[in-house]
Amino acid sequence: MKIYNFSAGPSILPQVTIEKTAEAVKNFNGIGLSILEISHRSKDFQAVMDETVALFKELLHIPEGYQVLFLGGGASMQFCMVPYNLMEKKAAYLNTGTWASKALKEAKLFGEVVEVASSKESLFNYIPKDYSIPADADYFHITTNNTIYGTEIRKDLDSPVPLIADMSSDIFSRPLDVSKYGLIYGGAQKNLAPAGVTFVIVKEELLGKVTRPIPTMLDYRTHIQNGSMFNTPPVLPIYSAMETLRWLKSLGGLAAMEKINIEKAGILYDAIDSSKIFIGTAKEEDRSIMNVCFVMKDEYKELEPEFQKFASERGMSGIKGHRSIGGFRASIYNAMPKSGVQALVDCMKEFERSH
Ligand SMILES: *Cc1c(COP(=O)(O)O)cnc(C)c1O
């Protein structure tokens with residue numbers, strides 16, 4: 001039976017990424033050694049680093065003046081690195097979920113934090129739109145895709161102060177106007193590579209303005225000066241990221257990817273909206289095209305464990321919803337084929353017919 005991986009993260013990767021990574025683990029570039037055992041400063045690995053940076057720049061059309069970094073520590077490390085490097089006195093945060101709340105909490109260690117708006121009162125099922133950003137904030141932080149709640153900001157916002165975005169779970173899902181952002185970061189394990197590497201795209205002119213001393217490893221300038229090789233970078237996930245980006249490029253880049261993603265999400269949301277027993281949890285206008293959250297209507301609620309079992313027996317893996325909202329979550333990242341979404345929809349319809 002074909003197993004479809006709907007897990008929220010670590011999550012599905014393109015088959016070619018997994019195959020090429022396995023090959024590189026056994027015999028990298030035909031040099032007779034594993035990528036796991038060669039120096040990160042060897043010319044073979046340097047070529048991987050260079051190509052990965054180049055593909056980031058090419059696919060995202062990153063303008064001059066920005067640097068692309070590959071760091072450790074996960075997206076969660078960026079929750080403190082961002083304010084450490086960019087907040088002198090005050091920063092603004094939009095609170096759209098668990099990850100946004102965690103980022104906001106860390107920022108409070110460094111100065112005054114203004115929560116411009118929050119959708120916490122309705123279990124983060126929408127993106128607040130009516131708020132103002134203080135003009136004297138050092139930056140404005142958003143989480144573009146709320147992995148747990150299935151909401152997404154799918155356009156590049158205007159901000160009077162530098163816009164900082166956690167894009168862990170929707171980077172490379174659509175074309176971006178990077179020039180609207182001061183810094184974009186994310187963990188790789190949702191849409192790019194195995195866990196272990198964090199990408200940072202930073203506008204260099206924003207750095208070096210805070211007066212506090214910054215520990216060497218937490219200072220973005222250290223990693224810029226050393227081409228992400230101040231210390232040993234996570235070589236294997238960087239290699240996998242390169243293969244994923246080659247795959248994305250071969251598909252036609254981000255405009256082509258976005259078209260496919262919208263189509264896949266449409267198939268699933270249509271099935272939910274036309275169902276007698278399932279209902280979506282996120283407000284329609286803010287629905288994510290990466291994480292689709294749904295539950296059973298109140299009168300069918302007790303069938304949830306049964307559907308969970310029914311779906312997993314048919315090869316649907318990882319559809320259990322996050323504990324904070326329950327129900328189901330189908331993560332349909334870039335690498336999820338349309339056939340996987342169709343298989344899930346067929347499974348939902350079959351279950352509905354038999355109940
Ligand atoms: C998964 C996730 C994180 C946490 O990433 P780590 O790399 O595990 O620290 C942060 N933000 C968002 C939006 C996520 O989806």
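Counting starts at 1 for both ligands and their atoms, following the listed order.
Contacts between Ser168 and ligand 1, counted as non-hydrogen atom pairs separated by less than 4.0 Å, involve the side chain only. Neither the backbone nor the side chain of Lys102 comes within contact range of ligand 1; no heavy atom lies under 4.0 Å. Contact annotation: for Met77 versus ligand 1, there are no heavy atoms closer than 4.0 Å.
Below 4.0 Å from some heavy atom of Thr143 lie the following atoms of ligand 1, by number and element: 13 (C). Residue contact check: Gln189 has heavy atoms under 4.0 Å from atoms 5 (O), 6 (P), 7 (O), 8 (O) of ligand 1. Ligand 1 places these atoms under 4.0 Å from at least one heavy atom of Thr147: 13 (C), 14 (C), 15 (O). For ligand 1, the atoms lying closer than 4.0 Å to a non-hydrogen atom of Gly74 are 7 (O), 9 (O).
Tyr149 and Thr98 share a side-chain donor-acceptor pair at under 3.5 Å. A donor atom on one side chain and an acceptor atom on the other are found under 3.5 Å apart for Thr144 and Asp170. Looking only at atom types and distance, the side chain of Thr198 has no donor-acceptor partner in the side chain of Gln78 under 3.5 Å away. A donor-acceptor contact closer than 3.5 angstrom is absent between the side chains of Thr151 and Asp286. Side-chain atoms of Thr143 and Asp166 form no donor-acceptor pair, as typed in the model, at a separation below 3.5 Å. Checking Asn291 against Tyr333 by side-chain atom types alone, a donor-acceptor pair falls below 3.5 Å. Side-chain N/O atoms of Thr222 and Thr216 include no donor and acceptor closer than 3.5 Å.
At least one test fails for Arg41 against the ring of Phe45: distance under 6.0 Å to the centre or angle within 45° of the axis.
Protein heavy atom at the shortest distance from atom 14 (C) of ligand 1 is Lys190 NZ, 2.9 Å. Among all non-hydrogen protein atoms, the one lying nearest atom 9 (O) of ligand 1 is Ser76 OG, 2.6 Å. Scanning the protein for heavy atoms near atom 11 (N) of ligand 1, the closest one is Asp166 OD2, 2.6 Å.
Checked by distance only, ligand 1 and Ala75 come closer than 3.5 Å through their nitrogen or oxygen atoms.
Heavy-atom separations between Met167 and ligand 1 are all 4.0 Å or longer. Ligand 1 has at least one atom lying under 4.0 Å from a heavy atom of Asn145.
For Lys209 and Glu88, the salt-bridge test fails: no basic side-chain N is under 4.0 Å from an acidic carboxylate O.
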